[in-house]
Structure formats: structure tokens, C-alpha cells
Trainee: 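I am attaching a structure below and will ask some questions about it afterwards.
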Amino acid sequence: MTTTNNAATRAVYSRRRARLAAKLGPTGVAIIPTAPERPRNRDTDFPYRHDSYFYYLTGFTEPNAWLVITGEGLTALFCQPKDLEREIWDGYRLGPEAAPAALGLDAASSVADLDTRLPQLLENRSTVWWPFATHEGLETRIDGWLQKVRSRVRFGALCPTEQRDACAILDEMRLVKDLHEQAIMRRAAQISAQAHVRAMQTSARMLRDGRDVREFHLEAELLHEFRMGGSQYPAYTSIVAAGANACVLHYRADEAPVRAGELVLIDAGCELDGYASDITRTFPASGKFTGPQRELYDLVLASQDAAVAATRAGARFNDPHEATVRVLAQGMLDVGLLDANTVGTAQDVIEQRAYFPFYMHRTGHWLGMDVHDCGSYVEPTEVGQVSERCDPLSGETIKDRPSRILKPGMVLTIEPGLYVRPGPGVPEKFHHIGIRIEDDAIVTEAGCELITRGVPVKAAEIEALMAQ
Ligand code: GLY
Ligand code: MN
Ligand code: MN
């Protein structure tokens with residue numbers, strides 16, 4: 001990733017900082033650290049990933065960096081100082097001298113000056129904003145700086161009297177993706193879609209060639225395509241689940257054999273320039289669905305179609321989920337996963353959550369810099385409208401609040417599924433079939449833009465692709 005932003009990109013970050021500053025109040029100040037480096041073993045770290053809030057405001061990807069923004073809109077970066085010896089070992093550092101011009105900030109200092117400069121920056125401010133519950137030890141550091149300010153009150157210094165959660169502002173900002181973000185997310189989605197195409201074709205080809213295909217072989221194809229597309233890393237640990245493994249929701253890519261006649265569920269997406277993509281496709285390992293597989297696949301796809309049709313500005317976040325559940329509930333009765341004599345009508349299935357053994361997750365989540373991105377799922381203007389109901393399965397009391405009203409630029413996944421474990425009355429032909437279909441959608445005025453359809457989703461199109 002770049003450490004120097006061009007003028008247009010600098011303007012993007014600077015507009016975001018100005019929007020944040022305007023919400024801090026004239027005597028507010030915000031402190032936003034990036035993420036720490038994390039050791040993996042002895043002296044080797046996990047690949048470094050910046051903090052999403054920090055990156056959203058700077059575009060800066062080096063570790064050991066902090067951003068301070070005042071309510072007047074003054075911005076100061078604390079970053080690693082230039083150090084030839086460290087740079088020989090660890091790589092280039094932008095350094096405080098070059099940072100203001102490169103990133104469009106007012107000032108920059110060495111991160112070594114943090115403990116001296118922060119008390120000065122907090123002095124005579126009323127409110128300190130920082131991201132609550134995101135960085136271990138941050139609260140203690142801020143306490144230390146506040147104590148230093150307090151020690152100077154007898155010299156006339158005013159100490160902040162209020163601390164507030166910066167995430168409350170930043171989550172709302174990040175929820176609606178600007179054009180810069182949408183463009184990156186489209187590119188990330190294209191790379192991931194291509195990776196799924198590659199994995200499908202490899203599966204069919206290797207099986208045609210009589211090879212011993214394992215889940216990790218398909219994962220390797222995904223990773224190859226991610227990297228070839230310029231992605232820095234996978235957005236999350238890839239799921240490559242052959243056969244019955246697809247019924248394990250958080251399965252990883254392991255070493256199970258990929259067998260002709262079985263389905264493979266792949267849930268994998270790359271991260272590109274700080275933004276995630278998140279795609280799931282389920283396909284027949286050797287390229288042709290069996291009858292029962294196809295029956296359930298078409299049902300999940302119909303439920304996804306219904307969810308897509310329910311996704312548009314003005315609709316609620318829960319609408320796609322409810323549309324999915326309506327289609328799945330009726331479908332479960334139609335294909336014989338549920339028996340109408342026992343569970344009643346589709347409406348009964350919904351009210352009693354009788355679909356739950358086969359569909360136990362929600363239909364989507366926000367997507368952005370984080371795979372499960374930030375942003376409230378409750379409509380902020382209606383947060384006080386609480387209703388209570390008793391969950392028919394657990395007996396617990398659930399508090400419902402009106403779900404979020406969708407706006408253009410919000411990005412969410414649409415990912416219905418069906419997971420069939422053997423059980424009383426469950427037709428044997430469906431046993432161990434696990435299917436999920438997941439696409440990423442940008443909400444528009446009239447509907448939504450599916451940015452992940454570079455990989456086919458219709459059963460016949462998947463078969464045609466895999467026959468090539
Ligand atoms: N891959 C994570 C998810 O679909 O939520
Ligand atoms: Mn997802
Ligand atoms: Mn996923």
C-alpha cells in the first residue's frame with residue numbers, strides 16, 4: 001500500500017477529518033491510534049494490518065502511529081521517526097518531516113514525543129474523544145496524559161472533564177461509503193469473483209484428470225488470484241468446505257478430500273487497499289449438480305433473489321432477511337425438509353422459527369474496511385421504540401428496535417443458506433448438503449448494485465463455467 005497519497009486521495013482523507021472535527025465540538029479533541037504489531041512466534045509478527053478508523057482518516061499504513069484532531073480541525077500525526085538502521089531491516093518509513101505534505105496534515109512529530117506532546121494537546125480542552133474498547137491499554141495511556149494535565153491546573157491549565165467514544169461518530173461516517181470507497185470495493189469484489197471462478201474451474205479440471213483434490217488445493221487457487229490481483233491479504237480466513245463440512249458454519253480450508261458428486265462451499269474474499277470483499281459460492285466438485293443438490297441450490301438462490309429485490313434505499317436492514325426467510329420457509333415445506341402436518345403453514349414456520357435447524361444465521365451484515373463492518377443495525381432516529389417478544393425456541397425475552405433504514409452508499413452482504421444435518425424426518429437425499437450463496441451489494445436509490453457477480457451464481461451458469 002502507498003504511504004504517500006496523491007492530491008485527490010489526500011482531499012478524500014482531509015474531508016473525512018474535517019467532518020470528524022466538526023462533530024467534536026470547538027473544545028473537543030480526538031485521539032486515534034493505529035493497530036499494534038502482533039507477535040506470531042518469538043520475533044516474527046503476524047502480517048501487519050493497520051487500524052480501520054485510523055486508516056479511514058489518514059490512508060497511512062505504518063505501525064506505531066497516532067492521529068490527533070482538534071475541534072478546530074487541526075491535525076497532528078505521531079509516526080515512526082526516520083531511522084536508517086531500522087529501515088534497512090524493516091523497510092521505508094515516511095517520517096514526521098515528510099508526513100504533513102504527503103498526507104495533507106498540519107503537523108507531524110516522532111511517536112517518541114507522544115507522552116510529552118499529548119498532555120499539551122489535551123490542555124484547555126473540555127472533551128477527549130477516543131475509540132472505546134478497541135485498543136488494549138489505551139484508556140490507561142489517556143489517564144496518564146490527563147494526570148499530567150491535572151498536575152498543571154495550579155498553573156492555570158484546564159483539564160478535560162468529559163471522555164466520549166469516537167466510534168459513535170466514525171461508525172456512522174463509515175457506514176455510508178463515499179465514491180472513493182465504493183470504487184475500491186468494486187475492484188476488491190472483482191478480484192474475489194475471479195478467484196472463485198478459478199477455484200471452481202480447478203476443482204473440475206483436477207477431478208477430470210483423476211487427481212487427489214483437497215480443500216487446501218482450492219484455497220491455494222484463491223490465494224493465488226487474490227495476490228495476482230494486487231490484494232494485500234485475504235479479508236478473513238477462507239472457508240473451503242467439501243461435502244458435509246459445508247454444514248460447519250465456521251469451517252476453515254483444511255485437508256479433506258474434494259470428491260466428485262459432492263458440493264464444495266467456498267466463502268472467501270480478498271482485502272484490497274484496506275477494504276474487504278466477502279463472497280460465497282457453492283458448486284458441484286466435478287461440475288454437475290445432482291437432483292437433490294440442485295433442488296436445494298435453486299431454493300437458496302430464489303431466497304437470495306427475494307433478498308436482493310428487498311434491498312434498496314428506504315427499505316430496512318431486516319427486509320432482505322425477512323424476504324429470505326419467507327422463501328426458505330415455503331421452500332422447506334415444498335421440498336419436504338419440513339412436514340406441514342407437524343409444523344403447519346409457512347407463516348407458522350416463520351413465527352415458530354421452525355426453519356432454524358436448517359437456516360441459523362442472518363442474511364447479511366455491513367461490509368467495508370472490516371468484513372463485519374461497523375455501524376448500528378438499529379435506526380438511530382427510532383432507537384427508543386422498543387418492543388419485547390418471547391423467542392419461541394429459547395423462551396428468552398428479545399428486545400426489538402426498528403432496524404436501520406438503508407441509504408445509498410451503504411454496503412451489505414446478502415448471504416442466505418441451507419444446512420442439512422441428518423435428523424428425524426429429514427429426507428436422506430438431502431443429508432449433509434450445505435449451501436450458501438453470498439454477494440456484496442451497494443445500496444442505491446432504486447435497488448442495489450451487486451458488485452460480486454463476476455462469478456456466476458445460477459446453477460446452469462456454474463455448470464457451464466466448470467465444463468470449460
Ligand atoms: N465470511 C464471513 C461472513 O460471511 O460473514
Ligand atoms: Mn458475510
Ligand atoms: Mn462470507
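Side-chain atoms are counted along with the backbone in the values below, which use heavy atoms only and exclude waters and symmetry mates. Source: prediction; values computed, not measured. All ligand and atom numbering here is 1-based and tracks the order in the structure.
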Trainee: Which of the atoms in ligand 1, numbered in the order shown and given with their element, are less than 4.0 Å from a heavy-atom of Glu415?
Mentor: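 This gives 4 (O), 5 (O) as the contact atoms.
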
Trainee: I'd like to know whether the aromatic ring centres of Phe54 and Trp66 sit less than 6.0 Å apart in this structure.
Mentor: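 Between Trp66 and Phe54, which both carry aromatic rings, the centre distance is not below 6.0 Å.
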
Trainee: Using 2.8 Å as the threshold, say whether any N, O or S atom from His365 sits that close to the Mn ion (ligand 2).
Mentor: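 True for His365.
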
Trainee: Mind checking what makes ring-ring contact (aromatic ring centres under 6.0 Å, His included) contact with His321, not counting sequence neighbours?
Mentor: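 With neighbours one apart ignored, the set is empty.
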
Trainee: Check for me whether the distance between the ring centres of Tyr419 and His361 falls short of 6.0 Å.
Mentor: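 Tyr419 vs His361: aromatic centres under 6.0 Å.
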
Trainee: Could you tell me which atoms of ligand 1, counted from 1 in the order shown, lie closer than 4.0 angstrom to a heavy atom of Glu438?
Mentor: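 Close to Glu438: 4 (O).
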
Trainee: Is His372 close enough to touch ligand 1? Criterion: a residue heavy atom under 4.0 Å from a ligand atom.
Mentor: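 So His372 counts as touching ligand 1.
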
Trainee: Pairs in or reaching into residues 440-456: which pass salt bridge (charged side-chain N to carboxylate O under 4.0 Å, His left out), with residues at least two apart or in two chains?
Mentor: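 Output for this query lists Arg186-Glu449, Asp439-Arg453.
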
Trainee: Relative to the heavy atoms of Tyr236, which atoms of ligand 1 are at a distance of less than 4.0 Å?
Mentor: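 Result: 1 (N).
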
Trainee: Near His365, which atoms of ligand 1 are under 4.0 Å from a heavy atom of that residue?
Mentor: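 Within the 4.0 Å cut-off of His365, ligand 1 contributes 3 (C), 4 (O), 5 (O).
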
Trainee: When you look at CG of Leu393, are more than 12 heavy atoms from neighbouring residues, nucleotides or ligands closer to it than 6.0 Å?
Mentor: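 Counting other residues, nucleotides and ligands, CG of Leu393 exceeds 12 neighbours.
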
Trainee: Gln232 and Asp273: side-chain donor and acceptor closer than 3.5 Å?
Mentor: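 The criterion, which ignores hydrogens and geometry beyond distance, is satisfied for Asp273 and Gln232.
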
Trainee: Check step by step if side-chain hydrogen bond (donor to acceptor under 3.5 Å, both in side chains) holds for Asn245 and Glu215.
Mentor: CA-CA 10 Å; Asn245 293 335; Glu215 292 165 338; 2.9 Å; yes

Trainee: Enumerate, atom names and distances included, each donor-acceptor pair closer than 3.5 Å involving a side-chain atom of residues 423-435, sequence neighbours excluded.
Mentor:
{"unit_1": "His431", "atom_1": "NE2", "unit_2": "Val426", "atom_2": "O", "d": "2.9"}

Trainee: Specify the protein heavy atom at minimum distance from atom 3 (C) of ligand 1: its residue, its atom name, and the distance to 0.1 Å.
Mentor: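 Protein heavy atom with the smallest distance to atom 3 (C) of ligand 1: Asp278 OD2, 3.3 Å.
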
Trainee: Near the Mn ion (ligand 3), which protein N/O/S atoms are found at less than 2.8 Å?
Mentor: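 Short answer, with waters excluded from the count: Asp267 OD1, Asp267 OD2, Asp278 OD1, Glu438 OE1.
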
Trainee: Can Asp178 and Gln182 be counted as having a side-chain donor-acceptor contact under 3.5 angstrom?
Mentor: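 Judged by distance alone, the side chains do not pair up.
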
